2 protein chains.
Amino acid sequence: MALRHAVLAALLEGELSGYQLAKAFDAGVANFWHARPQQLYAELKRLESQGLVTGREIVQHNRPNKRLFTVSPAGVEELRSFTRSASGPSAVRDDLLVKVQACDHVETGALLEELGERAELARTKVELFESLLAAMRGERSEEEHLARAERVGPYLTCLRGRAFEQGNQQWCERVMGVLRARQEGRGDG
Amino acid sequence: MALRHAVLAALLEGELSGYQLAKAFDAGVANFWHARPQQLYAELKRLESQGLVTGREIVQHNRPNKRLFTVSPAGVEELRSFTRSASGPSAVRDDLLVKVQACDHVETGALLEELGERAELARTKVELFESLLAAMRGERSEEEHLARAERVGPYLTCLRGRAFEQGNQQWCERVMGVLRARQEGRGDG
DNA sequence: TGCGACATGTAACACGTTACATGATTGA
DNA sequence: TCAATCATGTAACGTGTTACATGTCGCA
């Protein structure tokens with residue numbers, strides 16, 4: 001049960017509704033985990049029933065009411081014991097890597113297209129992370145911010161997200177280059 | 001059902017037994033997917049029943065008999081249509097990132113230890129990928145290999161694996177540096 | 001008049017993990 | 001003799017995904 005801790009960690013940043021949380025986890029701002037809305041609503045319910053988060057109802061007139069959640073002291077304690085426990089193995093799963101692994105046995109047309117899209121997406125995410133980082137550090141330099149700011153967790157995970165997406169972009173472009181060159185090469189040989 | 005394609009892609013490299021496949025997927029040589037042995041045995045059975053792989057029994061005298069699997073023409077066709085279809089979203093999930101996200105609210109002792117272990121593990125993996133790459137390209141330079149070799153898929157995914165682990169290592173070390181500096185800083189302030 | 005954002009869920013199903021089961025050989 | 005490696009699975013359980021359900025508001 002690891003989503004539970006991801007949700008707690010996300011809520012440390014401030015009160016959020018299930019919907020807001022879902023956007024962060026689904027759209028991929030959550031560079032440290034990923035989950036669908038339904039899963040989050042279910043998890044929030046469970047966390048609340050266990051007293052790890054507390055929800056308060058916000059009555060709205062124009063929109064449906066919503067519930068904002070905060071991490072309770074028991075929730076923070078749960079995160080502490082999670083941090084002390086050993087980490088499960090990290091998992092990466094990506095269809096594109098599977099496709100590239102098999103690229104010598106299939107036509108590369110569709111693959112090249114997807115690589116292009118993925119590179120583009122990665123570039124967009126790098127920019128997003130860049131601006132998030134800039135907003136977090138404000139006037140300060142990165143070094144100063146990381147030395148003096150009260151909270152640095154989100155900044156640090158954001159750094160990982162940026163590096164990951166930069167790596168993604170570079171790799172996609174490299175693979176595209178190789179596959180294109182080989183396509184042309186076949187014409188000559 | 002995506003593991004199915006990861007298995008097919010892995011088997012393109014040559015005949016493997018369930019056990020050999022399991023080592024690749026479990027120990028993490030399979031930089032493009034991850035799976036437990038039980039899952040692989042089950043998947044191989046299903047793939048065989050659908051005619052996408054063919055197994056042949058190897059009778060051994062010193063050890064238990066084993067079955068070696070090859071991708072059938074139907075299996076290659078399955079990979080082709082998989083490549084033409086849209087990729088599902090890529091997922092990263094890592095307990096360490098969750099812990100770092102929450103690091104401002106917990107004691108960092110255990111976290112620093114895990115970051116150190118992870119950095120070490122990443123370094124080992126980088127070296128492993130490095131030697132796999134060297135073995136694949138042999139005498140040739142990377143450029144030459146990628147331009148002329150018959151198969152480049154495994155080389156390309158290996159490049160991604162190496163870059164990923166390098167990023168991992170650098171990030172872990174960066175985070176350790178920041179957290180240590182802040183620990184000391186607290187003593188002064 | 002229809003679409004997208006807001007807001008929250010249930011139910012069925014697919015997928016992945018953990019625990020358990022078996023049994024021979026090789027090396028410390 | 002103890003552990004590790006080879007070699008293959010079953011069963012129960014937990015987690016994640018897909019499809020479905022509901023209803024308002026604001027904009028084009």
Side-chain angles (χ1 to χ4, degrees), chain A residues 1-8 15-30 33-50 53 55-69 82 85-95 98, chain B residues 1-7 15-30 33-50 53 55-69 85-95 98:
Chain A
M1 224 187 302
L3 171 61
R4 146 199 209 77
H5 300 113
V7 169
L8 287 172
E15 259 186 330
L16 290 174
S17 68
Y19 187 82
Q20 291 174 302
L21 204 57
K23 267 204 309 189
F25 273 74
D26 198 38
V29 177
W33 206 268
H34 175 269
R36 294 262 181 288
Q38 300 91 326
Q39 220 183 327
L40 292 168
Y41 285 115
E43 198 62 49
L44 284 169
K45 191 183 268 190
R46 202 176 319 155
L47 286 167
E48 195 182 20
S49 78
Q50 291 169 8
V53 304
R56 64 185 181 100
E57 185 91 14
I58 302 292
V59 179
Q60 295 182 123
H61 305 286
N62 294 348
R63 317 198 146 284
N65 294 349
K66 62 179 171 184
R67 310 197 61 213
L68 295 182
F69 294 91
F82 171 65
S85 72
S87 294
S90 68
V92 183
R93 43 195 60 191
D94 188 342
D95 284 353
V98 176
Chain B
M1 222 185 307
L3 171 63
R4 141 200 213 80
H5 301 112
V7 169
E15 259 187 330
L16 290 174
S17 68
Y19 187 81
Q20 291 174 300
L21 205 56
K23 266 204 308 189
F25 274 75
D26 199 37
V29 177
W33 206 267
H34 175 270
R36 293 263 182 290
Q38 298 91 327
Q39 221 184 328
L40 292 168
Y41 284 116
E43 197 63 48
L44 284 169
K45 190 182 268 188
R46 202 176 319 155
L47 285 167
E48 195 181 18
S49 78
Q50 291 170 6
V53 305
R56 64 185 181 100
E57 185 90 15
I58 302 292
V59 179
Q60 295 181 121
H61 306 286
N62 294 349
R63 319 198 144 284
N65 293 349
K66 63 179 171 185
R67 313 197 59 215
L68 294 182
F69 294 91
S85 72
S87 294
S90 68
V92 182
R93 43 194 59 190
D94 189 342
D95 285 352
V98 176

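Each chain gets a letter, A, B and so on, in the order its sequence line appears, and its residues count up from 1. Here the structure is a predicted model, which means the values were calculated and not measured.
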Rounded to the nearest 0.5 Å, how far does CZ of B/Phe25 lie from CG of B/Leu3? 6.5 Å
Counted 5' to 3', the first and last nucleotides of DNA chain D within 4.0 Å (strictly under) of a heavy-atom of chain A are D/dT15 to D/dG26
Residue whose closest nucleotide on DNA chain C lies nearer the 5' end, A/Lys45 versus A/Pro64: A/Pro64
Within the 4.5 Å heavy-atom criterion, are B/Asn65 and B/Glu57 side-chain neighbours or not? yes
Return the CG to CG distance between A/Leu21 and A/Leu16, rounded to the nearest 0.5 Å. 5.5 Å
Taken to the nearest whole Å, OH/A/Tyr19 to P/C/dC6 is 4 Å
Under a 3.5 Å distance rule, please check whether B/Asp95 uses its side chain to pair with a backbone N or O of A/Gly88 as donor and acceptor. yes
Protein-nucleotide distance (B/Trp33, atom CH2; C/dC15, atom P), rounded to Å: 10 Å
Kindly indicate, with the supporting measurements, whether the criterion side-chain contact (heavy atoms from CB on, under 4.5 Å) is fulfilled by A/Leu47 and A/Arg4. CA-CA 7 Å; A/Leu47 286 167; A/Arg4 146 199 209 77; 4.1 Å; yes
Test side-chain contact (heavy atoms from CB on, under 4.5 Å) applied to A/Phe69 and A/Leu8, step by step: CA-CA 10 Å; A/Phe69 294 91; A/Leu8 287 172; over 6 Å; no
When you get a sec, tell me which of C/dT8, C/dG16, C/dC6 is the closest nucleotide to the side chain of A/Lys23? C/dC6
When we call it a touch if two heavy atoms are under 4.0 Å apart, what does A/Arg93 touch: a base, just sugar-phosphate, or nothing? sugar-phosphate
Any A/Arg67 side-chain N or O less than 4.0 Å from OP1/OP2 of C/dT8: no
A/Leu21 CG to C/dT8 P: how many Å, rounded? 10 Å
Could you check whether B/Glu43 pairs with B/Arg46 (Lys NZ or Arg NE/NH1/NH2 to Asp/Glu carboxylate O, under 4.0 Å)? yes
Using atom CD of B/Gln38 as one end and atom C1' of C/dT18 as the other, report the distance to the nearest whole Å. 8 Å
Assign each of B/Lys66 and A/His61 to its nearest nucleotide of DNA chain D by heavy atoms, then name whichever residue's nucleotide is nearer the 5' end. B/Lys66
Within this structure, what is the CZ-to-P distance between B/Phe25 and C/dG16, rounded to whole angstrom? 11 Å
Which residue, B/Ser17 or A/Gln39, contacts DNA chain D at a nucleotide closer to its 5' end, judged by nearest heavy atom? B/Ser17
Contact under 4.0 Å: A/Gln60 side-chain N or O vs C/dC6 OP1/OP2: no
